[in-house]
Amino acid sequence: MVRSWLLCTTVALVTLAAGCSARSTSASAAATPSAVRGRPIFAANCAACHGVRGQGSVLGPSLRAHRRTFASILRIVTDPESPMPKLYPGTLTAEQVRDVSAYVESL
Ligand code: HEC
């Protein structure tokens, strides 16, 4: 009786610990958008219209003209006004969208 209670408690604790660590790993990965990772994503997907440093071109406005928040950039990239192409979902992953938004915010 005592043995089976011990076994049960051990299994429950191990399951709890595994569940917690798995959750915190994915949450922290999602919570840290990286401007460093976003830079090459911007070069490949955005610079043709917005310029290599976000200064703008005939195809797209300067991204330095307005100081936008991360959340507002994220919203524009996720749901852009025409003629800006919708690159998510499809071309970019959710993580790449966060990274490129962090990069644009840093410009
Ligand atoms: C084909 C050209 C093109 C590409 C590629 C493109 N954009 Fe745009 N983008 C535009 C145009 C045009 C607008 C202005 C849309 C409008 O009329 O509101 C715009 C608007 C924006 C704005 C809002 C600018 C402001 O402050 O008003 C942001 C932020 C932005 N783009 C970010 C990005 C990012 C990040 C990428 C790459 C993932 C990207 N764009 C790719 C053409 C482009």
Side-chain angles (χ1 to χ4, degrees):
M1 184 63 187
V2 173
R3 264 180 98 136
S4 73
W5 180 84
L6 256 181
L7 184 70
C8 232
T9 312
T10 312
V11 169
L13 280 178
V14 168
T15 313
L16 202 69
C20 281
S21 66
R23 244 198 319 278
S24 65
T25 309
S26 58
S28 64
T32 47
S34 159
V36 172
R37 283 198 306 263
R39 190 181 178 149
I41 300 168
F42 185 88
N45 298 282
C46 322
C49 295
H50 291 290
V52 275
R53 288 181 187 79
Q55 76 276 22
S57 79
V58 287
L59 297 174
S62 166
L63 301 181
R64 295 161 163 247
H66 307 290
R67 293 260 49 103
R68 286 192 182 270
T69 61
F70 175 78
S72 134
I73 298 163
L74 193 77
R75 189 179 45 71
I76 292 168
V77 176
T78 311
D79 190 18
E81 299 271 335
S82 174
M84 178 163 149
K86 190 165 166 62
L87 298 171
Y88 173 82
T91 307
L92 301 178
T93 65
E95 187 179 11
Q96 287 176 318
V97 170
R98 285 194 297 271
D99 290 342
V100 82
S101 299
Y103 175 71
V104 170
E105 188 188 25
S106 77
L107 287 174

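In listed order, ligands and their atoms are each counted from 1.
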**Complete:** among protein heavy atoms, the one nearest atom 34 (C) of ligand 1 is Cys46 SG, 3.4 Å
**Fill in**
Atoms of ligand 1 under 4.0 Å from any heavy atom of Pro83, numbered from 1 in the order shown, are 12 (C)
**Prompt:** Between Asp79 and Lys86, which heavy-atom pair has the shortest distance, and what is it?
**Reply:** CA-NZ, 4.4 Å
**Prompt:** Going by heavy atoms in the side chains, are Gln96 and Asn45 under 4.5 Å from each other?
**Reply:** no
**Message:** Looking at every non-hydrogen atom in both residues, tell me the closest pair between Ala47 and Val52 and how far apart they are.
**Reply:** CB-CA, 3.9 Å
**Prompt:** Between Ala65 and ligand 1, which residue portion shows a heavy-atom distance shorter than 4.0 Å: side chain, backbone, both, or neither?
**Reply:** neither
**Prompt:** Do the non-hydrogen side-chain atoms of His50 and Pro61 ever get within less than 4.5 Å of each other?
**Reply:** yes
**Asked** Which option out of Gln96, Lys86, Glu81 puts a heavy atom nearest to atom 16 (C) of ligand 1?
**Response** Glu81
**Asked** What do you reckon, does Arg68 have a nitrogen or oxygen under 3.5 Å from a nitrogen or oxygen of ligand 1?
**Response** yes
**Message:** Quick check on contacts: which atoms of ligand 1 are under 4.0 angstrom from a heavy atom of Asn45?
**Reply:** 5 (C), 37 (C), 41 (C)
**Asked** In the protein, which heavy atom is nearest to atom 22 (C) of ligand 1, and how far is it?
**Response** Ile76 CG2, 3.6 Å
**Request:** Can you pull out the closest protein heavy atom to atom 20 (C) of ligand 1? Residue, atom name and distance to 0.1 Å, please.
**Result:** Met84 SD, 3.6 Å
**Request:** Record the part of Leu87 in heavy-atom contact with ligand 1 below 4.0 Å; permitted values are side chain, backbone, both and neither.
**Result:** side chain
**Shortest reach to atom 13 (C) of ligand 1 by a heavy atom, considering only Ser72, Pro61, Gly60** = Pro61
**Item:** Expected output: side-chain Arg64 to main-chain Arg53 donor-acceptor under 3.5 Å
**Value:** yes
**Asked** Can any side-chain N or O of Ser34 pair as donor or acceptor with the backbone N or O of Asp99 at less than 3.5 Å?
**Response** no
**Item:** Those atoms of ligand 1 less than 4.0 Å from some heavy atom in Val104
**Value:** 35 (C)
**Asked** When you look for heavy atoms under 4.0 Å from ligand 1, do you find them on the side chain of Leu59, its backbone, both, or neither?
**Response** backbone
**Prompt:** Between Pro85 and Pro80, which heavy-atom pair has the shortest distance, and what is it?
**Reply:** O-CG, 3.4 Å
**Asked** Can you find a heavy atom in the side chain of Val97 that is under 4.5 Å from one in the side chain of Leu74?
**Response** yes
**Request:** Could you pull out the closest heavy-atom pair between Phe70 and Ser101, with the gap in Å?
**Result:** CE1-CB, 3.6 Å
**Request:** Give the numbers and elements of all ligand 1 atoms closer than 4.0 Å to a heavy atom of Cys49.
**Result:** 1 (C), 2 (C), 3 (C), 4 (C), 5 (C), 42 (C), 43 (C)
**Prompt:** Is it true that some N/O/S atom of His50, main chain or side chain, lies under 2.8 Å from atom 8 (Fe) of ligand 1?
**Reply:** yes
**Request:** Please report the closest heavy-atom contact between Pro33 and Ala102, naming both atoms and the distance.
**Result:** CB-CB, 4.0 Å
**Message:** Considering non-hydrogen atoms of the protein only, which is the closest contact for atom 17 (O) of ligand 1, and what is the distance?
**Reply:** Ser82 O, 4.2 Å
**Item:** atom 28 (C) of ligand 1 - nearest protein heavy atom and its distance
**Value:** Leu63 CD2, 3.4 Å
